[in-house]
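First the structure, in the form of structure tokens, and then the observations on it.
Chain A is the first sequence line, chain B the second, and so forth, proteins listed ahead of strands; every chain is numbered from 1.
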2 protein chains.
Amino acid sequence: MAPQEGTAVFDRHTAVTIAEFDGGSGEKKFRKIFEEAQQTRNGPCPVRDVIARISDKWSLLTILLLGGYGTLRFNEIRHRIGDISQRMLTVTLRHLEEDGLVSRRIYAEVPPRVEYDLTPLGRSLMEQVSLLTEWATLNGTSILDARRSSRRKGR
Amino acid sequence: MAPQEGTAVFDRHTAVTIAEFDGGSGEKKFRKIFEEAQQTRNGPCPVRDVIARISDKWSLLTILLLGGYGTLRFNEIRHRIGDISQRMLTVTLRHLEEDGLVSRRIYAEVPPRVEYDLTPLGRSLMEQVSLLTEWATLNGTSILDARRSSRRKGR
DNA sequence: CAGTATCCGATCCGATACTG
DNA sequence: CAGTATCGGATCGGATACTG
């Protein structure tokens with residue numbers, strides 16, 4: 001069980017940690033995932049790209065909203081989210097539409113009516129995101145506690 | 001099956017979409033998830049908070065890396081990610097540590113040695129994130145294709 | 001109703017220089 | 001080795017005013 005890939009010599013405690021980790025369920029898989037997420041340096045990579053696109057203040061929330069309520073009009077989305085500006089909702093929806101995650105249907109009426117919905121692709125993403133969200137509701141207080149106690153101890 | 005909550009009258013196509021969606025697996029659950037993600041307006045909410053914290057360029061990638069390789073030293077992380085600046089790695093790791101997702105062990109040696117690892121909380125998050133990443137590797141090309149064809153069509 | 005257009009402050013993030 | 005400190009450009013995102 002010699003160290004590889006330039007990792008330093010382990011002390012006893014670390015060795016145990018690594019051993020436990022290696023004994024667990026498929027660390028190779030996670031390594032592969034990370035490596036795939038790394039291809040950006042040599043060319044475009046979907047993982048980093050997806051991360052970049054959903055890493056903003058409103059995308060995930062919008063996807064969750066459309067996932068939960070189905071077809072919605074512009075101002076329905078706006079008011080359900082509540083504290084999103086008109087500009088940012090427009091920008092967010094355009095991005096999601098460009099990526100094929102949200103569909104946009106315009107009805108030639110006066111006053112205009114525009115309906116948004118998740119595409120099948122968007123719905124499949126929403127299912128993953130909802131799992132992440134469930135994790136957050138379960139473990140969010142742990143994070144907030146850790147954050148508070150870390151701040152109380154200074155820095 | 002009357003419309004509720006202020007939604008407009010549906011045309012036939014939309015009605016079908018909604019019906020299919022309602023007939024599916026538990027849209028109420030997603031509604032609940034979204035509503036929980038909404039509590040921020042009335043007070044702090046874990047979901048929006050977690051979203052805000054991982055919504056940056058490097059957090060998810062760092063979590064994936066530590067998940068895949070276990071204990072790593074500062075420069076090991078740095079070089080495996082490759083294109084992260086020293087400053088951003090420090091900032092990212094401090095945030096993750098504050099939130100109790102990453103542990104930091106300092107060894108009183110010269111030259112200094114600092115080892116990072118996921119905490120159990122961080123590991124459980126990593127498992128969710130890795131699912132999201134698997135989705136991205138599977139569907140990333142669909143997104144890139146959609147984006148490209150949307151850009152080709154102008155705007 | 002569903003946007004656009006413009007402005008501007010906040011923050012993110014990289015580059016660089018320095019340090020225990 | 002593993003940081004900290006400082007600067008400046010880029011981008012994000014809110015407020016406001018206007019429009020088909």
Side-chain angles (χ1 to χ4, degrees), chain A residues 6-11 14 40-41 48-49 51-62 65-66 71-98 102-117 154-155, chain B residues 6-9 11 40-41 48-49 51-62 65-66 71-98 102-117 154-155:
Chain A
T7 48
V9 176
F10 299 117
D11 62 20
T14 306
T40 294
R41 286 178 300 172
R48 279 219 202 181
D49 222 62
I51 290 177
R53 199 26 95 64
I54 66 175
S55 281
D56 60 50
K57 197 171 176 182
W58 301 114
S59 291
L60 291 183
L61 213 51
T62 304
L65 174 61
L66 286 173
T71 306
L72 289 176
R73 300 177 62 169
F74 185 87
N75 275 334
E76 287 175 339
I77 302 175
R78 189 151 135 74
H79 293 126
R80 281 185 206 269
I81 292 182
D83 54 349
I84 189 173
S85 67
Q86 198 173 30
R87 172 183 138 76
M88 285 320 295
L89 181 55
T90 302
V91 170
T92 301
L93 287 170
R94 290 296 183 280
H95 281 163
L96 295 176
E97 190 194 358
E98 268 183 28
V102 158
S103 67
R104 177 165 178 261
R105 285 199 303 275
I106 309 168
Y107 297 86
E109 301 174 355
V110 179
R113 181 163 59 105
V114 180
E115 289 181 348
Y116 293 92
D117 204 348
R155 182 185 357 187
Chain B
T7 48
V9 176
D11 62 18
T40 294
R41 286 179 300 175
R48 281 219 201 181
D49 223 61
I51 290 177
R53 201 23 97 64
I54 67 176
S55 283
D56 61 52
K57 197 170 175 182
W58 302 113
S59 291
L60 291 183
L61 212 52
T62 304
L65 174 61
L66 287 172
T71 306
L72 290 176
R73 299 177 63 168
F74 185 86
N75 275 334
E76 287 176 339
I77 302 175
R78 189 152 136 72
H79 293 127
R80 280 185 206 269
I81 291 183
D83 54 347
I84 189 173
S85 67
Q86 196 171 32
R87 173 184 138 76
M88 285 320 295
L89 181 55
T90 303
V91 169
T92 301
L93 286 170
R94 290 294 184 281
H95 282 162
L96 295 175
E97 191 194 359
E98 269 183 28
V102 159
S103 67
R104 179 166 176 260
R105 286 199 304 275
I106 309 168
Y107 296 87
E109 301 173 357
V110 178
R113 181 162 58 104
V114 180
E115 289 181 348
Y116 293 90
D117 204 349
R155 184 190 356 186

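When Watson-Crick and G-U wobble pairs are counted only if both distances are under 3.5 Å, D:dG20 pairs with C:dC1.
Here the side chain of A:D56 pairs a donor or acceptor atom with the backbone of A:S59 at under 3.5 angstrom.
Nearer the 5' end of DNA chain D, as judged by each residue's closest nucleotide, is the contact made by A:Q86, out of A:P111 and A:Q86. Sequence order on DNA chain D of the closest nucleotides to A:P112 and A:R87 puts A:R87 first from the 5' end.
Between A:K57 and C:dT11 there is no side-chain N or O to OP1 or OP2 distance below 4.0 Å. Contact check, A:Y116 against C:dG3: a side-chain N or O comes under 4.0 Å of OP1 or OP2. Residue B:R104 places none of its side-chain N or O atoms closer than 4.0 Å to OP1 or OP2 of D:dA2. For C:dG3, the OP1/OP2 oxygens have a side-chain nitrogen or oxygen of A:R94 closer than 4.0 Å. Considering only side-chain N and O atoms, A:R73 lies under 4.0 angstrom from the phosphate OP1 or OP2 of C:dA2.
Nucleotide C:dC12 holds its P atom 17 Å from the CG atom of B:L89, rounded to whole Å. In this structure, B:W58 atom CH2 and C:dC13 atom P are separated by 9 Å, rounded to whole Å. Straight-line distance from the CZ atom of B:R113 to the C1' atom of D:dA2: 13 Å, rounded to whole Å. With rounding to whole Å, A:D83 atom CG is found 10 Å from D:dA15 atom P. Here the C1' atom of nucleotide C:dA5 and the CE atom of A:M88 are 15 Å apart, to the nearest Å. The CG-P distance, from A:L93 to C:dA2, rounds to 11 Å in whole Å. One can place CD1 of A:I106 at 10 Å from C1' of C:dG3, the figure rounded to the nearest angstrom. A straight line from CZ of A:R105 to C1' of C:dA2 spans 16 Å, rounded to a whole angstrom.
Remark: B:R113 qualifies as a cation-pi partner of B:Y107 under the 6.0 Å distance and 45° angle criteria applied to the six-membered ring.
Between D:dG14, C:dA17, C:dA2, one nucleotide has an atom nearer to the side chain of A:S85 than all others, and that is D:dG14. Of the candidate nucleotides D:dA2, D:dG13, C:dA2, C:dA2 has the atom nearest to the side chain of A:V114.
Using a 4.0 Å cut-off between charged side-chain N and carboxylate O, A:R48 and B:D83 make a salt bridge.
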Begin from the C-alpha positions of B:D117 and B:T71 and carry the test side chain to side chain donor-acceptor pair (under 3.5 Å) through to its verdict. CA-CA 5 Å; B:D117 204 349; B:T71 306; 3.0 Å; yes

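Nearest heavy-atom pair across A:R73 and A:P112 is NH2-O, 3.5 Å.
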